[in-house]
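Worksheet: one structure, shown below.
Just so we're clear, the structure is a prediction, and the values are computed from it rather than from any experiment. In what follows, chains are A, B, ... by sequence order, proteins preceding strands, each numbered from 1.
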There are 2 protein chains.
Amino acid sequence: MKNLAIIEDDEELRGMLYKFLNHQDEFRCTMSVNSIEAFLKELNEENAPDIILSDIGLPGRQGDESIRMIKDKLPNSDVVMLTVHDDAERIFKCLQGGASGYLLKNSPLEEIKHYLSILSIGGSPMSPRIARKVIEYFQPKKKLEKPLSEREYDIVLALVEGLSYKMIADKYDISLDTVRQHIRNVYRKLNVNSKGEVITKKLRGEI
Amino acid sequence: MKNLAIIEDDEELRGMLYKFLNHQDEFRCTMSVNSIEAFLKELNEENAPDIILSDIGLPGRQGDESIRMIKDKLPNSDVVMLTVHDDAERIFKCLQGGASGYLLKNSPLEEIKHYLSILSIGGSPMSPRIARKVIEYFQPKKKLEKPLSEREYDIVLALVEGLSYKMIADKYDISLDTVRQHIRNVYRKLNVNSKGEVITKKLRGEI
DNA sequence: CTTTCAATAGCATTTTAATGCGATGTTATC
DNA sequence: GATAACATCGCATTAAAATGCTATTGAAAG
């Protein structure tokens, strides 16, 4: 039996969620409020939730801010976002803020219940469309017009690891000038002119 | 009606999947093979699949290699991995290789069917435990012993964007020496001594 | 009221990185 | 057998970054 808090400013939806979820054996709704402020105010030892189902689009707040405020008070709770927004930026901000799941508001109540029960088996509830966005995040956005050679790629990886030119030369047993030459070529192919830009591109999956 | 290919070396499991999924209205199994090699060999215009359900642990191959081989031939197909492995590294390699979904083998047949149908609505099938791993990827691994100040954080973000000290000074309307000072402090707090390391740490979620 | 810390700034020095130019040998490809 | 792409190396110069040291101001904490 998990304690559940619902934070949602749409009275109708909140009422429905409360009524439905509170009837389930797995959950007990100890809080049902319309804002983060109300949530933090009402919070006490008795009603401390294991799971917080929270709207993201609460007035005057960024969504990921809300999560941070909650996780700050309840670091071991699972915060599940409930939202109509499926844009990549919002999703990632929330995930970085510590959200344990991300559900779309158009999900049926039964499905929401099912998703929430996934938390108890160590999983993360995520609507399929959100999962798609997240997966796409990992995939290289576009093929390079000018692909890097193997050696050049080695050197990019070394840069990401924080190695200096000198250290790279030692690692691959080539001269410092050769490292310079390779890096020149990498810069030309990637159309950049600093180490930092190469690292950023690599870690963002653009290489 | 989607064409489906099953690549799985466990004969029993493959048989079950084939029999079950081929009976569904949504799918037609046009291929059922036990290796990537067999798959690529049998592949032709007639049986070209929209969805490939593939084992990851095929003998002598890395899993993500398999995906790349498939996506190379069929870039518009959806490759869904079916595996017992839930370690982060494997998952991310497969996602980077172009997988559209990632399911655990212990899922019931009905659930696998349900997950696969998610593809047709533009979603990504992902077992909850996998989703958890993926979400955790985005979340800062550990709290910094020495947290960065706001200004320092601004400057870290600017470094990630590829700005030079001079550009950062202009951007925030402070002197070059102040930028230097902040960066010094960031290096001390993060225990590094180059721009590149800061960028890598930031993009890996360690800040 | 002192101590601490963030933010600002300056100056000097050394190290590293970025770039221009030229060069040789290998391996594919046409 | 020319052409192109890759990998290697050298030298020189300029630009940027890293670091050592010092110092002022304001705000928060004790």
Side-chain contact check for B:R151: nearest option of D:dT8, D:dT19, C:dA7 is C:dA7
A:D87 CG: over 12 foreign heavy atoms closer than 6.0 Å
yes
Rounded to whole Å, the CD-P distance (A:E197 to C:dA17) equals 15 Å
Round to a whole Å and report the spacing from OH of A:Y187 to C1' of C:dG20.
15 Å
Counting N and O atoms only, with roles assigned by atom type, does the side chain of A:D86 sit under 3.5 Å from a partner on the main chain of A:R129, one being a donor and the other an acceptor?
no
What contact category does B:S175 fall into here, base, sugar-phosphate, or nothing, at under 4.0 angstrom with non-hydrogen atoms?
sugar-phosphate
Among D:dA17, C:dA17, D:dT19, the one nearest any side-chain atom of B:Y165 is D:dA17
Can you identify which nucleotide, out of C:dT19, C:dG10, D:dA17, has its nearest atom closest to the B:R184 side chain?
C:dG10
Base, sugar-phosphate alone, or nothing: which one does A:T178 contact when heavy atoms must sit under 4.0 Å apart?
base
Ranking C:dG20, D:dA7, C:dT8 by distance to the side chain of A:E150, first place goes to D:dA7
Donor-acceptor pair, side chain of B:Y187 and main chain of B:K195, under 3.5 angstrom
yes
note: B:I183, atom CD1; C:dT15, atom P; distance rounded to Å ~ 20 Å
What is the nucleic acid contact for B:D177, judged by heavy atoms within less than 4.0 Å: base, sugar-phosphate only, or nothing?
base
Heavy atoms only, 4.0 Å cut-off, all strands: where does A:Q181 land among base, sugar-phosphate and nothing?
base
